[in-house]
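In what follows, chains carry the letters A, B, and so on, assigned in the order in which the sequence lines appear, proteins first and then strands, with residues in each chain numbered from 1.
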Protein chains: 2
Amino acid sequence: MRLSDGVEWGVHVCVVLATLPDDAALAAAKLAEYHGVPAAYLAKHLQVLAGAGVLRTVKGARGGYRLARPPADITVLDVVEAIDGEESAFRCSEIRRRGPLAMPAREYTKPCGIHRAFSRADEVWRAELAKTTIADLLIGLLHDVPRTALEKGARWLQESAR
Amino acid sequence: MRLSDGVEWGVHVCVVLATLPDDAALAAAKLAEYHGVPAAYLAKHLQVLAGAGVLRTVKGARGGYRLARPPADITVLDVVEAIDGEESAFRCSEIRRRGPLAMPAREYTKPCGIHRAFSRADEVWRAELAKTTIADLLIGLLHDVPRTALEKGARWLQESAR
DNA sequence: CTTTCTCGGATAGCTAGTATCCGTGTTATG
DNA sequence: CATAACACGGATACTAGCTATCCGAGAAAG
């Protein structure tokens, strides 16, 4: 089981976009350059994020992407569900309905215990991801990254966003 | 992100094996027939489970598989980690080290906030799966499945285990 | 000792995620 | 108004990891 790379990129992108002024937007190519990832592939994920209402797209010249909501209103879970989907990692194939214990279909009224156990695990996983917002990540970054690096990044963004 | 089918099969297999007498074993082919899954493929997962110490293999004629420990000492997480591996679904590719914010490698002393958020989520996911044991699932099954089906299953197992 | 039955590893096939390209339409700028 | 810059969207290869299968080595039973 492995989470798509796009998820990681998506969260990083949101954190970067959170540092922009409210009216500014950043082109997909610039975001790719900033993170050192393939531009064409990142663009695909950005479109998905825009479709999910996490990002907002600014069309035309000097356009690009920006956050659709304040950073504090976007959770890591929002990004995960936009890119990776909302369905649980575990998929019950109802194998209990096969073999000698099989019963008429109407008997299977509630999911089996195994299914329920994985559903609970998936629930707490998502709940934990929903606790962290983009704003939280940004605050953490300000603590962890040295001042010199922050200023370097700020300059780069100012030039790129124009 | 999707969990391997083998995980589901593995848990079901453990529940079935938990109903066997202590000295009995069940052949891989019989387990496959019971669950209606491809025998050769299930065998692969059974071998992995045996290697991980969840199942115990009985070689030779009239051999097969049985649980390596009491059902109450085997958690769903044990099966998941045996088949799917112990590593988190999220893999940090350290993209923060690329791009204009990049710093000397020695500066990166602790994982980034995004990495930490996903690690926490992975932790609670595993903790939740560790709460449910094979014994719990078996008890749940006895409540959910009608008596007639249980007896049918018991007869089939008695004939197959010999 | 032979037969029967099992595990075990080695080997193909397939699905889903990875990665890229280019044509179309929209917006700001000169 | 004309032009250039930019995002959207679909169509298209490539890759990895899960799915599926086979047959040989080896152990217990008779």
Side-chain angles (χ1 to χ4, degrees), chain A residues 1-10 13 17 23-33 35-66 68 80 82-85 87 89-91 93 95 160-162, chain B residues 1-10 13 17 23-33 35-66 68 80 82-85 87 89-91 93 95 160-162:
Chain A
M1 185 182 54
R2 190 167 148 260
L3 212 49
S4 162
D5 289 343
V7 171
E8 183 185 7
W9 301 356
V13 162
L17 291 182
D23 57 342
L26 199 55
K30 287 289 179 186
L31 282 167
E33 181 188 347
H35 292 107
V37 298
Y41 190 32
L42 176 64
K44 199 169 191 58
H45 291 302
L46 293 175
Q47 286 164 25
V48 172
L49 283 170
V54 174
L55 299 185
R56 172 175 287 277
T57 154
V58 180
K59 289 188 172 183
R62 295 180 60 182
Y65 289 93
R66 66 179 203 77
V80 169
I83 293 178
D84 197 67
E87 62 188 16
F90 174 83
R91 285 198 309 179
S93 62
I95 66 181
S160 299
R162 270 178 298 174
Chain B
M1 185 181 55
R2 190 166 149 260
L3 212 50
S4 162
D5 289 344
V7 172
E8 183 185 8
W9 301 357
V13 162
L17 291 181
D23 56 342
L26 197 55
K30 288 290 178 186
L31 281 168
E33 181 187 346
H35 292 106
V37 299
Y41 189 32
L42 176 64
K44 192 169 192 64
H45 292 301
L46 294 174
Q47 287 162 25
V48 172
L49 283 170
V54 174
L55 299 185
R56 173 175 285 278
T57 153
V58 179
K59 289 188 173 181
R62 295 180 59 179
Y65 289 95
R66 67 180 201 77
V80 169
I83 293 179
D84 196 66
E87 62 188 16
F90 175 82
R91 286 197 306 182
S93 61
I95 66 181
S160 300
R162 273 178 297 174

Length of the line joining E8(B):CD and dC18(D):C1', which is rounded to integer Å: 15 Å
Can you measure Q47(B) atom CD to dA20(D) atom P for me and round it to whole angstrom units? 16 Å
Between atom CG of L46(A) and atom CD1 of I83(A), what is the distance when rounded to the nearest 0.5 Å? 8.0 Å
Find the distance L26(B):CG to dC5(C):P and express it as a whole number of Å. 15 Å
To the closest 0.5 Å, what do you measure between CG (L26(B)) and CZ (R66(B))? 12.5 Å
Both A50(A) and A61(A) contact DNA chain D. Taking the nearest nucleotide for each, which residue is further toward the 5' end? A61(A)
Residue that, paired with Y65(B), satisfies side chain to side chain contact (heavy atoms under 4.5 Å, CB included) out of Q47(B), K30(B), R56(B): Q47(B)
Atom CG of L55(B) to atom C1' of dT6(C): distance rounded to whole Å? 15 Å
Whole-Å distance separating the NZ atom of K59(B) from the C1' atom of dT4(C): 16 Å
Under the side-chain contact (heavy atoms from CB on, under 4.5 Å) criterion, do L42(B) and V13(B) qualify, and how do the steps go? CA-CA 10 Å; L42(B) 176 64; V13(B) 162; 4.1 Å; yes
Between H35(A) and W9(A), is the side-chain contact (heavy atoms from CB on, under 4.5 Å) condition met? List the steps. CA-CA 8 Å; H35(A) 292 107; W9(A) 301 356; over 6 Å; no
Round to a whole Å and report the spacing from CZ of R62(B) to C1' of dT4(C). 12 Å
Sort me out a list of protein N/O and nucleotides 12-21 of chain C N/O pairs below 3.5 Å, or just none if empty.
| from | atom 1 | to | atom 2 | distance (Å) |
| --- | --- | --- | --- | --- |
| dT18(C) | OP1 | D5(A) | N | 3.1 |
| dT18(C) | OP2 | S4(A) | OG | 2.7 |
| dT18(C) | OP2 | Y41(A) | OH | 3.0 |
| dT18(C) | O5' | Y41(A) | OH | 3.2 |

Minimum heavy-atom separation for A25(A) to V58(A), with atom names? CB-CG2, 3.9 Å
Scan A28(B) against the nucleic acid and name what it touches under 4.0 Å (heavy atoms): base, sugar-phosphate only, or nothing. sugar-phosphate
Distance in angstrom units between K30(A) NZ and dA5(D) P, rounded: 13 Å
